[in-house]
Amino acid sequence: MLTASLALLVACGKEEAQVSQEPAASPPPASESQAGLSEEAEAKQAQDIRRRLMDAKAPAPEWSPELSIDPDESIESVLAQADAALSEGRLLRGGNSSLALYLAVLERDPENAVALAGVEQVVKQLKNRVPEALGRGDLEAAALDVQTLKRIRPEDEEIASLGEQLAREQQLQLLLGEAERLLDAGRLTEPKGDNAATIYREILREAPENAAAQAGLSRIETALITRASAAAEAGAYAESDRLLAEAGRLRPGSQSVQNASTRIVELRQERANQLMDEANAAVTSGELDKADKLLRELGEVSAQAQGLDALRERIEHARIYGGRRPGSIFNDSLALGGEGPALVVIPVGEFTMGSPSREDERKPNEGPQRTVSFQRGFALGRLEVTVEEFGRFVESSGYVPTSQKERRSTVYDERSGSLAERRGVTWRNDYAGGNADPKVPVVHVSFVDAEAYLAWLSQQSGAHYRLPSEAEFEYVLRAGSTSRFPWGDEGPSRLVGNLTGDGDRSPSRRTWSNAFKDYSDGFWGPAPVGSFEPNAFGIHDINGNVSEWSLDCWHDTYARGPNDGSAWVNPGCARRVIRGGSWASSPDQVRSAFRLTAAPKATNARVGIRVARDL
């Protein structure tokens with residue numbers, strides 16, 4: 001076997017093959033279908049890359065003997081030269097290498113014992129130095145030695161094992177080179193299955209301690225962390241999270257990734273705090289669209305940002321209630337000094353407007369019933385507008401009220417016990433035509449006067465004042481009740497307001513012909529505002545004391561009426577709606593659904609004003 005192998009070696013070409021320096025062919029670009037590959041498919045593609053690289057690798061170097069001895073030289077002389085080359089470690093390379101010299105002797109004398117023993121020594125040393133070459137990464141030298149050994153001893157299992165080690169190292173080197181190329185090309189973790197990280201992981205599956213692959217993954221991790229930090233700085237938080245997650249999958253438990261995650265969390269928290277301050281400032285200044293935009297950005301920065309739910313609720317409240325709390329009381333400052341009427345923020349909700357067909361003393365104009373839903377809050381005057389407040393408007397604006405122009409209004413006549421028109425009566429007078437107490441509700445005011453007063457309040461405060469819509473008025477009057485009266489279906493069993501009671505007496509001791517039984521509130525005519533307890537919404541005297549103008553035009557029924565609580569107004573309407581009972585209303589007119597109508601310039605002793613304000 002040895003003699004045949006040696007003959008084959010001697011028959012080889014005279015020049016040693018050179019290792020190609022051409023790079024491996026570049027892999028084709030990943031197709032779009034490779035995106036989102038499974039872990040199993042990604043591993044398979046990595047194996048495909050391995051096979052492709054091995055197919056494209058340079059051929060292994062082959063050894064050929066370089067014989068430069070004189071054919072006439074004696075065998076003893078050649079053996080001496082071979083032994084010297086062997087002792088000097090010149091096994092294969094260079095002229096007159098030991099293996100070449102021993103083979104030259106065997107060419108002449110195939111059974112020469114010294115040459116055969118010399119070849120055995122060369123084989124032994126080649127076997128020993130292959131692992132050394134592999135250890136220092138000299139794969140060319142190892143490949144030359146392995147190929148030579150295989151040709152000398154093709155059946156040797158130890159040599160076959162060395163060949164397998166060499167093949168693994170060659171594959172790893174090719175994979176490392178390909179990973180380096182992909183890394184330089186920026187293909188760190190994408191596309192799936194054809195990126196540097198995949199190949200480095202493939203290497204580490206075979207060689208867990210491979211320092212080059214570990215260093216490569218470290219480089220990728222650092223690059224991903226850098227990109228993640230830059231994305232976070234630029235506000236691209238979803239991209240930052242994605243990159244950081246990619247980095248975390250490279251080396252689970254990496255301290256570098258944990259540190260970067262902490263830094264990015266701190267960065268995002270700083271940005272979240274800044275956005276929170278800006279959003280709250282936007283809500284305070286009424287820039288709610290801006291606040292919504294900042295809230296959305298805040299959610300992208302940190303879904304767990306402290307105060308996020310509170311901010312969202314504050315924006316919602318600002319849209320619904322103008323940033324105020326339902327049930328809260330406030331006053332607007334006026335340009336001339338002082339404050340406007342006290343206002344109560346009314347909570348949003350829905351109610352059934354009108355009366356059911358079965359209700360006692362129901363009027364046809366109180367239906368059909370419909371559900372009215374309030375999506376936006378509004379504020380309503382806590383008290384009726386007083387003579388003092390209306391007088392301040394008249395004095396400041398120079399406005400001349402309707403009763404003052406007409407010099408007449410309807411008053412209560414004590415002698416006849418009924419209402420009658422009297423000349424010389426203006427808003428400065430009370431229900432009977434005398435001088436009015438500044439603290440009682442102003443009466444003898446028309447719808448036109450109310451509109452003028454509210455326009456003045458709007459100009460003085462910068463807010464939008466108006467009369468309440470009919471739906472708003474009934475919603476607040478009911479305050480959650482569904483009964484005939486706000487307090488129930490029967491007459492009041494306790495003091496609830498300034499109503500007609502059979503116990504009331506006029507200055508001349510007159511009584512009401514139609515009044516609530518067993519009831520007395522101590523007043524004949526309007527009482528000072530706020531004399532009675534407020535209702536469930538915090539509003540005083542909304543059913544009793546004086547009836548009040550609303551913004552709606554009169555309609556004989558609620559058919560086709562708005563269901564959002566807005567006023568039902570038609571251009572040029574001739575009559576307006578009056579709501580709420582008064583000090584002189586019969587019990588059926590104190591029902592929650594009762595409504596009256598009057599011309600816009602009408603005045604009398606039972607109708608006053610209550611303000612409403614948009615939020």
Side-chain angles (χ1 to χ4, degrees), residues 17-61 133-144 164-231 239 242-252 254 256-257:
Q18 300 298 309
V19 178
S20 172
Q21 298 301 313
E22 294 298 320
S26 298
S31 66
E32 292 183 6
S33 64
Q34 290 173 327
L37 291 175
S38 68
E39 185 175 341
E40 180 180 353
E42 185 174 353
K44 180 180 181 300
Q45 189 152 3
Q47 291 293 334
D48 291 341
I49 293 173
R50 179 195 290 264
R51 284 191 293 271
R52 173 170 49 77
L53 292 173
M54 290 302 296
D55 291 342
K57 75 181 180 67
L134 292 176
R136 64 176 181 270
D138 190 351
L139 300 190
E140 182 179 351
L144 179 62
E164 292 173 358
Q165 293 178 42
L166 171 64
R168 283 196 298 272
E169 290 299 324
Q170 287 174 325
Q171 286 188 356
L172 292 179
Q173 188 174 68
L174 288 171
L175 288 171
L176 284 170
E178 179 67 359
E180 190 74 17
R181 186 188 70 80
L182 294 172
L183 187 60
D184 291 341
R187 292 162 67 171
L188 309 184
T189 59
E190 297 289 341
K192 297 294 184 184
D194 193 14
N195 57 74
T198 295
I199 296 178
Y200 283 133
R201 282 194 290 262
E202 177 70 11
I203 293 169
L204 291 172
R205 271 193 287 270
E206 284 196 22
E209 303 302 321
N210 189 284
Q214 291 175 346
L217 284 182
S218 180
R219 284 178 61 192
I220 295 173
E221 178 185 272
T222 299
L224 291 174
I225 288 173
T226 300
R227 292 182 187 179
S229 299
E239 178 67 2
R242 186 190 71 79
L243 291 168
L244 204 59
E246 287 280 1
R249 284 191 286 271
L250 295 174
R251 298 191 303 165
S254 166
S256 296
V257 174

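The first residue of the sequence shown is numbered 1, and numbering continues consecutively from there.
The side-chain heavy atoms of Leu250 and Val257, taken from C-beta on, include no pair separated by under 4.5 Å. Residues Leu176 and Tyr200 have side chains in contact (heavy-atom distance under 4.5 Å, counting atoms from C-beta outward). For the pair Arg187/Leu183, no side-chain contact is recorded, criterion being any heavy-atom separation below 4.5 Å from C-beta on. Here the side chains of Ile220 and Thr189 are in contact, with some heavy-atom distance below 4.5 Å.
With sequence neighbours left out, Gln173 forms a side chain to side chain contact (heavy atoms under 4.5 Å, CB included) with Leu139.
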Walk me through whether Leu188 and Asn195 qualify under side chain to side chain contact (heavy atoms under 4.5 Å, CB included).
CA-CA 6 Å; Leu188 309 184; Asn195 57 74; over 6 Å; no
Start with the C-alpha distance between Arg227 and Glu246, add both sets of side-chain angles, then the distance that settles salt bridge (Lys or Arg N to Asp or Glu O under 4.0 Å), and finish with yes or no.
CA-CA 11 Å; Arg227 292 182 187 179; Glu246 287 280 1; over 6 Å; no
Let me see the working for Gln170 and Leu166 under side chain to side chain contact (heavy atoms under 4.5 Å, CB included), right down to the final yes or no.
CA-CA 6 Å; Gln170 287 174 325; Leu166 171 64; 3.8 Å; yes
Do Thr222 and Ser256 pass the side chain to side chain contact (heavy atoms under 4.5 Å, CB included) test, and can you show the C-alpha distance, the side-chain angles, and the key distance before you say yes or no?
CA-CA 8 Å; Thr222 299; Ser256 296; over 6 Å; no
Tell me, with the steps shown, if Leu204 and Leu217 meet side chain to side chain contact (heavy atoms under 4.5 Å, CB included).
CA-CA 10 Å; Leu204 291 172; Leu217 284 182; 3.5 Å; yes
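A salt bridge links Glu190 with Lys192: the closest approach of a Lys/Arg side-chain nitrogen to an acidic carboxylate oxygen falls below 4.0 angstrom. The pair Glu221-Arg251 meets the salt-bridge criterion, since a charged nitrogen lies less than 4.0 angstrom from a carboxylate oxygen.
With hydrogens and angles disregarded, a donor-acceptor distance shorter than 3.5 Å links the side chain of Gln214 to the backbone of Pro208.
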